[in-house]
Visitor: 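Here's a structure for you.
Keep in mind that the numbers below use all heavy atoms, side chains included, and drop hydrogens, waters and symmetry copies.
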Number of protein chains: 2
Amino acid sequence: MPKKVDHQERRTLIADALMRVAAERGLEAVSLRHVAAEAGVSAGMVQHYFATKDEMMTFAMAVVRDRSQVRVTEAIARLCTTPPPRLLTRTLIAALLPLDEQSRGDARVALAFLAYAAARPDAVARDDSTDLLSFVAGLLPTPDARTAARGLLALMEGLGLYLISGKYSAEQALAVLDAHLDRLFAAGENA
Amino acid sequence: MPKKVDHQERRTLIADALMRVAAERGLEAVSLRHVAAEAGVSAGMVQHYFATKDEMMTFAMAVVRDRSQVRVTEAIARLCTTPPPRLLTRTLIAALLPLDEQSRGDARVALAFLAYAAARPDAVARDDSTDLLSFVAGLLPTPDARTAARGLLALMEGLGLYLISGKYSAEQALAVLDAHLDRLFAAGENA
DNA sequence: CCGTTTACATTGCAGTTGCATCGTAACCAC
DNA sequence: GTGGTTACGATGCAACTGCAATGTAAACGG
């Protein structure tokens with residue numbers, strides 16, 4: 001077993017470089033050589049860790065997803081135990097929104113990947129959003145909670161788009177989210 | 001003035017071909033030659049009508065935007081004069097949603113363009129969404145109508161994303177929209 | 001010390017890209 | 001007709017693409 005190197009570490013290092021290129025110059029600027037240059041390694045090394053470009057893209061996609069997962073987990077962990085449903089919901093959604101510059105870069109890449117995967121049905125990864133939907137639905141007090149949860153998630157995605165494009169500021173997005181939660185939780189308590 | 005040809009017509013013909021390529025094989029498959037082949041013309045002709053690829057992309061982007069504009073106008077024109085605000089709002093938003101297969105293709109292309117323009121600040125077109133925001137805000141009976149309108153538009157964009165990816169069906173999307181409008185207009189009437 | 005396995009780096013190749021250039025045919029004013 | 005302008009088509013080119021092939025250095029088992 002010669003020359004021990006942490007494969008996972010190298011792959012994420014390359015994936016990070018890929019995301020930097022994609023965030024700054026768009027997904028179409030992502031090539032083996034560009035990513036290698038951004039990572040400060042040779043193109044051959046990239047090929048050593050990813051047999052094909054698609055494999056590299058898929059891996060980077062998974063990294064983006066994992067990062068957002070971590071953001072959510074950390075944000076919720078920062079809460080007290082057994083927080084009220086509304087606070088938990090708000091924290092969860094806010095953690096998924098690209099509010100700071102770093103997560104905005106991630107979201108830009110995620111958007112590019114979305115468009116990339118739209119025409120590549122095989123590269124589309126597993127669907128983890130049904131779990132999220134069920135979880136959010138469980139938090140909402142409204143009748144037909146699943147429909148309300150779908151609406152909340154759609155609102156989140158839309159806010160993400162507007163945040164990326166700079167059309168809404170972080171404050172505006174949060175104001176919209178809070179107003180929506182006002183309506184959701186007010187309606188539920190009355191019923 | 002030799003050889004009269006309708007420039008606008010040729011350009012839209014090429015743009016249509018571009019959108020077909022983008023919808024079927026992704027934006028990255030859009031090249032001068034592919035578009036030319038799809039349009040059934042020579043690559044030289046494409047160059048004749050678009051000096052650069054970016055110019056072609058920008059034009060196609062404008063065509064997509066115009067088409068959605070037309071869809072909205074037609075849907076509203078199909079309504080009776082002076083419809084109630086809620087119906088008008090619903091019709092407007094529904095017309096912007098990619099509910100059928102044709103508009104879903106358009107939306108896919110629009111999404112790809114969004115990602116394309118995210119890293120190309122110069123190619124971004126004029127912002128026509130502020131007019132839309134003001135218009136929708138004028139329809140809503142809620143206090144802080146602009147925030148509510150922002151939420152509604154964000155919801156629409158998010159629903160569009162989920163419709164494109166096939167995660168929500170058209171019926172589900174409309175159910176979400178109606179539930180949201182229920183809350184918006186109920187809250188306003190109570191206030 | 002030796003062979004094998006891993007970890008790269010280099011080079012090359014066929015294909016594609018956007019675009020410039022050049023040629024030519026059509027049309028119209030005169 | 002002639003000249004000029006427009007509308008293409010054909011060709012070429014430098015740059016780039018993903019990827020295969022090949023090389024080499026290092027670490028370890030024996």
Side-chain angles (χ1 to χ4, degrees), chain A residues 1-22 24-61 109 112-113 115-117 119-120 122-123, chain B residues 1-22 24-61 109 112-113 115-117 119-120 122-123:
Chain A
M1 195 193 298
K3 254 208 179 180
K4 51 157 189 177
V5 271
D6 188 340
H7 263 239
Q8 196 67 13
E9 182 211 327
R10 300 283 194 182
R11 285 164 75 98
T12 56
L13 179 135
I14 293 172
D16 277 341
L18 188 157
M19 288 185 284
R20 259 174 283 144
V21 172
E24 286 165 23
R25 295 191 281 163
L27 238 213
E28 88 217 350
V30 171
S31 72
L32 294 187
R33 308 203 213 303
H34 282 164
V35 171
E38 175 70 34
V41 302
S42 76
M45 173 162 158
V46 175
Q47 270 191 97
H48 181 67
Y49 285 102
F50 296 104
T52 81
K53 182 185 176 180
D54 267 301
E55 190 189 323
M56 179 175 68
M57 303 281 257
T58 306
F59 181 83
M61 231 166 139
V109 177
F113 275 133
Y116 178 82
R120 227 161 318 271
D122 52 323
Chain B
M1 196 192 299
K3 254 207 178 176
K4 50 156 190 178
V5 269
D6 189 339
H7 263 237
Q8 197 66 14
E9 183 211 326
R10 300 283 195 181
R11 287 166 71 99
T12 56
L13 180 135
I14 294 172
D16 277 342
L18 187 157
M19 288 186 283
R20 259 174 283 144
V21 172
E24 286 166 21
R25 295 190 281 163
L27 237 215
E28 90 216 351
V30 171
S31 72
L32 294 186
R33 307 203 213 307
H34 282 164
V35 171
E38 175 71 32
V41 301
S42 75
M45 174 163 158
V46 175
Q47 272 191 97
H48 180 67
Y49 285 102
F50 296 104
T52 80
K53 182 186 177 182
D54 268 301
E55 190 188 324
M56 179 175 68
M57 303 281 256
T58 305
F59 182 84
M61 229 166 141
V109 177
F113 276 133
Y116 177 81
R120 229 161 316 270
D122 54 322

Visitor: In whole angstrom, give the distance that lies between atom CD of Glu28(B) and atom P of dT16(C).
Guide: 15 Å
Visitor: Below the 4.0 Å mark, does dA7(C) have OP1 or OP2 next to a side-chain nitrogen or oxygen of Arg10(A)?
Guide: no
Visitor: Does His48(A) put a side-chain nitrogen or oxygen below 4.0 Å from OP1 or OP2 of dA7(C)?
Guide: yes
Visitor: Please check the phosphate of dT17(D) (OP1 and OP2 only) for any side-chain N or O of His34(A) closer than 4.0 Å.
Guide: yes
Visitor: Between Ser31(B) and dT17(C), is there a side-chain N or O to OP1/OP2 distance below 4.0 Å?
Guide: yes
Visitor: If the cut-off is 4.0 Å, is His7(A) near the phosphate of dT6(C), judged by side-chain N/O to OP1 or OP2?
Guide: no
Visitor: Is any side-chain heavy atom of Leu32(A) closer than 4.5 Å to a side-chain heavy atom of Gln47(A)?
Guide: yes
Visitor: Distance check needed: dT17(D) P versus Phe50(A) CZ, whole Å only.
Guide: 18 Å
Visitor: Send over the distance from Leu18(A) CG to dG18(D) P, rounded to a whole Å.
Guide: 10 Å
Visitor: Compare all side-chain heavy atoms of Tyr116(B) with those of Thr58(B) and state whether any distance is below 4.5 angstrom.
Guide: no
Visitor: Should Arg33(B) and Val46(B) count as side-chain neighbours, where that means a heavy-atom distance under 4.5 Å?
Guide: no
Visitor: Under the salt bridge (Lys or Arg N to Asp or Glu O under 4.0 Å) test, which residues partner Arg25(A), sequence neighbours left out?
Guide: none
Visitor: Can you give the donor-acceptor pairs under 3.5 Å from side chains of residues 7-14 of chain B to other protein atoms, not counting sequence neighbours?
Guide:
unit_1	atom_1	unit_2	atom_2	d
Arg11(B)	NH1	Tyr49(B)	O	2.8
Thr12(B)	OG1	Gln8(B)	O	3.2
Thr12(B)	OG1	Glu9(B)	O	2.8

Visitor: Rounded to whole angstroms, how far apart are CE on Met57(B) and P on dC19(C)?
Guide: 11 Å
Visitor: Working to the nearest 0.5 angstrom, can you tell me the gap between Ser42(B) OG and Met45(B) CE?
Guide: 7.0 Å
Visitor: Which pair of heavy atoms, one from Met57(A) and one from Val30(A), lies closest together, and at what distance?
Guide: SD-CG1, 4.0 Å
Visitor: In whole angstrom, what separates Met45(A)'s CE from dT6(C)'s P?
Guide: 17 Å
Visitor: What is the distance, rounded to the nearest whole Å, between atom CD1 of Ile14(B) and atom C1' of dA7(D)?
Guide: 12 Å
Visitor: For Arg11(B) and dA7(D), what is the distance between atoms CZ and C1' respectively, to the nearest whole Å?
Guide: 15 Å
Visitor: Enumerate the protein-to-nucleotides 19-23 of chain D contacts in which both atoms are nitrogen or oxygen and the separation is below 3.5 Å.
Guide:
unit_1	atom_1	unit_2	atom_2	d
dC19(D)	OP2	Lys53(A)	N	2.7
dC19(D)	N4	Arg33(A)	NH1	3.2
dA20(D)	N7	Gln47(A)	OE1	3.3
dA20(D)	N6	Gln47(A)	NE2	3.4

Visitor: Report which part of the nucleic acid Val30(B) touches: base, sugar-phosphate, or nothing (heavy-atom distance under 4.0 Å, all strands).
Guide: sugar-phosphate
